[in-house]
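Sequence lines set the chain letters: A, B, ... in the order given, protein chains first and strands last, and positions in each chain run from 1.
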Protein chains: 2
Amino acid sequence: MLYADAMSATLPPPPGPRPQLPVELLDTLPSGFDPVADEPCLRADAARNRARLLEAAARLVAEHGAAGVTMEAVAAAAQVGKGTVFRRFGDRTGLLMALMDHSEKKFQAALLSGPPPLGPGAPPAERLRAFGLAMLSRAGEELELQLAAEPAPERRYTVPARRFHRAHVALLLRQAAPDADSELLAHTLLSSLDPALIHHLTVQCGQPLERLERAWTDLVARTTGTAPPE
Amino acid sequence: MLYADAMSATLPPPPGPRPQLPVELLDTLPSGFDPVADEPCLRADAARNRARLLEAAARLVAEHGAAGVTMEAVAAAAQVGKGTVFRRFGDRTGLLMALMDHSEKKFQAALLSGPPPLGPGAPPAERLRAFGLAMLSRAGEELELQLAAEPAPERRYTVPARRFHRAHVALLLRQAAPDADSELLAHTLLSSLDPALIHHLTVQCGQPLERLERAWTDLVARTTGTAPPE
DNA sequence: AAACGAACCGGACCGAGGTCCGTTTAAAGT
DNA sequence: ACTTTAAACGGACCTCGGTCCGGTTCGTTT
């Protein structure tokens with residue numbers, strides 16, 4: 001199942017060789033859990049600092065907004081050296097994405113094994129519709145973080161979370177629109193849920209979320225050729 | 001005509017009040033041309049430095065790629081102070097976009113008054129198709145620059161060039177798919193021509209441009225409900 | 001021609017992301 | 001307990017985008 005690949009960690013294993021084990025659930029599970037991958041098995045101090053850093057970062061977001069999350073500030077707030085932040089999260093984007101990891105993993109779980117129509121059980125077109133609505137709803141909550149966490153253009157489409165979403169949408173499309181290029185069409189559909197676009201439409205243009213929801217529903221109907229639900 | 005608005009200059013007039021005159025063609029015309037707008041009427045030294053800077057920037061792109069275009073390097077190469085670069089172009093993104101202005105203006109002219117199917121005269125769905133193919137072709141040429149010129153997420157959808165494209169696509173959609181939310185659908189269609197996506201698919205995934213072209217054609221057909229041209 | 005003011009110039013300066021490398025330390029082996 | 005080693009640490013350091021402000025220049029007005 002190619003889902004597994006996309007489920008992988010936010011941060012690519014930076015140092016050392018790593019036996020392939022894509023699924024990483026480190027901070028929802030007791031440390032030392034994973035019997036195969038050793039990447040999540042951080043040294044005691046490293047794990048402690050990682051937790052500290054995430055907590056500090058979250059606090060900074062709450063207090064000063066995402067723009068206030070400076071690598072130096074996070075390091076200071078966690079009483080840790082700056083280098084440690086970069087070693088753990090790679091770069092600012094990595095840190096911000098790690099901050100959203102919980103929410104993302106929960107979402108992915110809902111897609112894979114939650115109740116329909118988001119999870120399996122509903123017809124593909126309807127699951128697609130539910131997917132978009134869920135994404136819009138998520139954006140409503142952590143839009144600022146999603147914006148701030150946007151990686152450089154060259155990396156944007158290789159972010160694990162996005163690859164997962166793409167694989168999910170492509171899978172549904174393959175069933176709902178068998179004659180289309182589901183891979184590329186998945187890209188297109190996902191693009192219309194881009195946080196930057198949502199921000200532009202809602203915050204900058206003052207459009208209500210409902211309009212975006214209607215547009216998504218309509219888009220799904222058009223591309224899959226199914227009739228829109230009234 | 002709401003085209004006019006989107007045709008406006010790459011850089012918003014930073015200092016002083018400006019009588020509304022949207023169309024700006026400054027560097028294709030002798031300076032001092034515009035009888036209404038005074039923004040393009042730069043002082044002699046300013047105009048000279050602007051030209052120097054653009055030339056220097058273009059040379060740097062040619063020699064070291066877009067990544068080599070450092071504001072300081074450009075300033076040095078143009079034998080000009082760093083502050084001057086920022087005064088003229090606002091920021092790095094502004095400079096890079098100015099570098100693409102010629103090509104963009106030509107493209108816009110082709111859309112507005114060029115020969116069909118890109119220009120007026122062809123049925124809307126076909127013009128849409130031509131638009132996407134033209135965008136893909138353009139991306140093939142100056143992809144690197146387009147990537148480097150990508151603005152921050154909050155500004156991405158307010159860039160004049162993009163607003164123009166959006167208005168154009170929305171106009172065509174209003175005819176080709178009257179029952180859709182043409183504004184939002186325009187956003188969606190445009191997103192699938194995003195330089196970052198094109199880069200990802202062609203450079204990183206090695207997909208041939210033809211596949212993207214087919215996907216675009218198919219997408220237009222699906223969303224407008226018209227039959228795809230065989 | 002002289003004076004005037006707005007626009008422009010330039011480079012010192014700042015903040016933030018990211019790198020580097022000498023030092024420390026956790027944990028595995030003896 | 002002692003050695004060893006790979007990993008983690010931390011903060012000095014670098015680069016680059018962006019700001020600021022005192023000095024200069026262009027174009028105009030009298």
From CG of B:Asp45 across to C1' of C:dC8 the rounded distance in Å is 6 Å

**Check: A:His199 ring centre within less than 6.0 Å of B:Tyr157 ring centre** = no

Between B:Gly83 and B:Arg48, whichever has its closest DNA chain D nucleotide further toward 5' is B:Gly83

In residues 56-81 of chain A, what donor-acceptor pairs under 3.5 Å come from side-chain atoms, sequence neighbours left out?
none

Look at the side chain of A:Arg43 and the base of D:dA8, then say whether one donor and one acceptor between them are separated by less than 3.5 Å.
no

Among D:dC26, D:dG17, C:dC9, the one nearest any side-chain atom of B:Phe86 is D:dG17

Rounding to 0.5 Å, atoms CZ (B:Arg138) and CG (B:Leu193) come to a distance of 11.0 Å

side-chain hydrogen bond (donor to acceptor under 3.5 Å, both in side chains) pairs touching residues 202-212 of chain A, sequence neighbours excluded, are A:His200-A:Gln204, A:Gln207-A:Arg211, A:Arg211-B:Asp181

B:Glu72 CD to C:dA12 P, in whole Å, measures 10 Å

* Asked: Reckon B:Thr84 has a side-chain N or O less than 4.0 Å from the OP1 or OP2 of C:dG10?
  -> yes

Here the distance between atom P of D:dG17 and atom CG of B:Leu96, to the nearest Å, is 10 Å

Of C:dC9, D:dA8, D:dG18, the nucleotide closest to the side chain of B:Lys82 is D:dG18

Whole-Å distance, B:His64 NE2 to D:dC16 P, equals 12 Å

Considering only heavy side-chain atoms of A:Val80, the closest of C:dC9, D:dG10, D:dG18 is D:dG10

- Please work out whether the ring planes of B:Phe131 and B:His168 are parallel, tilted or perpendicular, with thresholds of 30° and 60°. tilted

Rounded to whole Å, the CZ-C1' distance (A:Arg92 to C:dT19) equals 18 Å

At under 4.0 Å, does any side-chain N or O of A:Asn49 touch on OP1 or OP2 of D:dA8?
no

Taking C:dC9, D:dC9, D:dG17 as options, the one with an atom nearest any side-chain atom of B:Arg87 is C:dC9

To the nearest angstrom, the CG-P distance between B:Leu42 and D:dT25 comes to 19 Å

Per nearest nucleotide of DNA chain C, the residue lying toward the 5' end, B:Gln79 or A:Val69, is B:Gln79

Rounded to whole Å, CZ of A:Phe89 lies from P of D:dG10 at a distance of 14 Å

Rounded to whole Å, CZ of A:Arg88 lies from P of D:dA7 at a distance of 12 Å

